[in-house]
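Just below is one structure, and these are the notes that go with it.
All values reported here derive from a predicted model rather than from experimental measurement. Here is how names work: the chains are called A, B, and so on, in the same order as the sequence lines, proteins then strands, and each is numbered from 1.
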Protein chains: 2
Amino acid sequence: MSLRIALLGLLSVSGPASGYDLTKKFETSINYVWQAGHSQIYPELAKMAADGLITVEPEGPRGRKIYTITREGTDELHRWLVERVPTDPVRSEGALQAFLLPLLSAPEALDVLSRLTAAAETRLADLRALRATKLALHESDQWKIGYYALDLGIRHALTTIDWARHTAAEIDPGSA
Amino acid sequence: MSLRIALLGLLSVSGPASGYDLTKKFETSINYVWQAGHSQIYPELAKMAADGLITVEPEGPRGRKIYTITREGTDELHRWLVERVPTDPVRSEGALQAFLLPLLSAPEALDVLSRLTAAAETRLADLRALRATKLALHESDQWKIGYYALDLGIRHALTTIDWARHTAAEIDPGSA
DNA sequence: AGCAACATGTAATTGGTTACATGATTTA
DNA sequence: TAAATCATGTAACCAATTACATGTTGCT
């Protein structure tokens with residue numbers, strides 16, 4: 001369901017686009033909230049067209065197919081946004097390592113923590129870079145799309161880094 | 001893979017247990033980092049036994065089967081903890097709503113934010129309650145298992161609440 | 001006797017990843 | 001003309017959810 005919503009959202013914001021275009025947007029823009037590859041996107045677009053949420057204009061330049069959101073699609077998207085109670089199943093390898101951390105010796109645990117910190121720092125840098133470019137060329141009217149989610153992601157990364165520092169100090173008071 | 005690790009972790013911490021016991025632990029303890037139901041757990045235990053990571057003592061009281069972690073299982077678990085670089089695919093309905101928030105009118109967006117806040121507050125309360133009981137009866141030696149992950153979860157929930165308040169104020173400066 | 005909790009499984013379906021497969025256009 | 005990028009698809013597999021299915025023990 002959410003893949004469908006993400007696609008409707010992108011089509012709604014940036015107008016008609018091909019599966020290829022949308023795949024690129026998944027790689028470069030929406031990927032920090034939802035991920036999908038072309039092998040998942042192409043079949044989903046076909047189903048969405050069959051369901052009347054989008055229309056297809058076949059045969060652009062290289063067999064390129066342009067999809068446009070319909071009124072029904074816009075309605076479906078709006079309904080999901082205002083009605084859907086989000087359920088985010090917790091399934092995180094990082095949190096699982098945190099959970100089982102006491103099974104390790106202090107030096108091993110500190111290693112794991114520094115790895116988790118490094119991952120969070122990389123993510124933080126990526127998100128901040130994205131925000132910087134976003135702010136620099138802020139895409140006309142719709143520049144706010146993605147902005148709040150970016151902020152949320154940055155805050156979560158900072159929180160993870162903070163937690164790791166705090167936890168390391170608790171495991172080894174000397175290393176702080 | 002991670003389901004397997006979670007099961008090995010629980011067996012390592014609390015000693016031999018049945019599929020039923022482990023299912024209960026998934027519901028009550030490890031569920032805030034990894035979720036699974038019995039229909040996923042039973043077949044996985046069978047595979048793990050076939051792979052030599054655990055052994056089975058069949059036929060307790062009601063057809064109850066007791067699983068015990070082997071040396072190989074312990075090694076596999078340890079290796080995963082110290083070597084595995086965690087990859088947490090981002091796929092969050094809540095973040096997707098945040099991403100698409102600017103598609104809504106201000107009042108609609110504020111509604112969505114208050115729903116996200118409510119969800120985070122519920123989670124926060126759950127995690128704090130868990131921590132309180134955990135600290136009260138801190139299970140002998142192994143009470144620290146799960147503790148750091150609990151702390152991480154609580155911090156993330158607080159961050160989400162903070163973000164939602166901040167974002168609401170940005171959308172409607174009057175409502176703050 | 002009946003209900004709740006214990007206890008284990010399988011089947012059907014959906015969602016997602018990796019790998020396979022093919023062809024068109026642009027650019028160096 | 002060769003490589004890169006554009007462009008679309010399918011197949012095999014793994015992970016996860018929901019529903020179906022069955023039997024046991026303890027308690028009231």
Item to complete: Find out whether A/Arg62 and A/Tyr20 are in side-chain contact, i.e. whether some heavy atom of one side chain is under 4.5 Å from a heavy atom of the other.
Response: no
Practice prompt. Please report, rounded to the nearest Å, how far the P atom of D/dT17 is from the CD atom of B/Glu93.
Written response: 13 Å
Worksheet, complete the sentence: Taken to the nearest whole Å, CE/A/Met1 to C1'/C/dG15 is 12 Å
Practice prompt. Ignoring the backbone of A/Arg62, work out which of C/dT25, D/dT10, C/dT10 is nearest its side chain.
Written response: C/dT25
Item to complete: Please check if the distance between the ring centroids of A/Phe99 and B/Tyr32 is under 6.0 Å.
Response: yes
Item to complete: Would you mind telling me which residue lines up with the more 5' stretch of DNA chain C, A/Glu44 or B/Gly63, judged by nearest nucleotide?
Response: B/Gly63
Worksheet item: Within this structure, what is the NE2-to-C1' distance between B/His38 and D/dG23, rounded to whole angstrom?
Response: 13 Å
Worksheet item: So which nucleotide from C/dT8, D/dT5, D/dT10 ends up closest to the side chain of A/Tyr20?
Response: D/dT5
Worksheet entry | Any N/O donor-acceptor pair, B/Ser39 side-chain to D/dT18 base, under 3.5 Å | yes
Practice prompt. In whole angstrom, give the distance that lies between atom CD1 of B/Ile41 and atom P of C/dG9.
Written response: 12 Å
Worksheet item: Does a side-chain N or O from B/Gln40 land closer than 4.0 Å to OP1 or OP2 of D/dT17, or not?
Response: yes
Worksheet item: Looking only at side-chain N and O atoms, does B/Lys24 come under 4.0 Å of OP1 or OP2 in C/dC6?
Response: yes
Worksheet item: For DNA chain D, whose closest nucleotide is more 5', that of A/Ile66 or that of B/Leu3?
Response: A/Ile66
Worksheet item: To the nearest Å, how far apart are A/Arg64 CZ and D/dT8 P?
Response: 7 Å
Fill in: Sidechain N-carboxylate O distance under 4.0 Å for A/Glu93, B/Arg84
yes
Practice prompt. Provide, to the nearest angstrom, the distance between the NZ atom belonging to B/Lys47 and the C1' atom belonging to C/dT8.
Written response: 16 Å
Worksheet entry | Polar contact flag, side-chain donor to acceptor under 3.5 angstrom, B/Thr159-A/Arg155 | no
Worksheet item: With a 4.0 Å cut-off on heavy atoms, is B/Pro89 in touch with a base, just the backbone sugar-phosphate, or nothing at all?
Response: nothing
Item to complete: Find the distance B/Asp88:CG to C/dG16:P and express it as a whole number of Å.
Response: 16 Å
Worksheet item: Under 4.0 Å: is that the gap between some side-chain N or O of B/Arg91 and OP1 or OP2 of C/dT17?
Response: yes
Worksheet item: Is there a side-chain polar atom (N or O) of A/Tyr42 under 4.0 Å from OP1 or OP2 of D/dT8?
Response: yes
Worksheet item: Passes salt bridge (Lys or Arg N to Asp or Glu O under 4.0 Å), A/Arg115 versus A/Asp111? Steps please.
Response: CA-CA 6 Å; A/Arg115 208 175 51 209; A/Asp111 271 8; over 6 Å; no
Item to complete: Mind calculating the distance between CZ (B/Phe26) and P (C/dT8) to the nearest angstrom?
Response: 15 Å
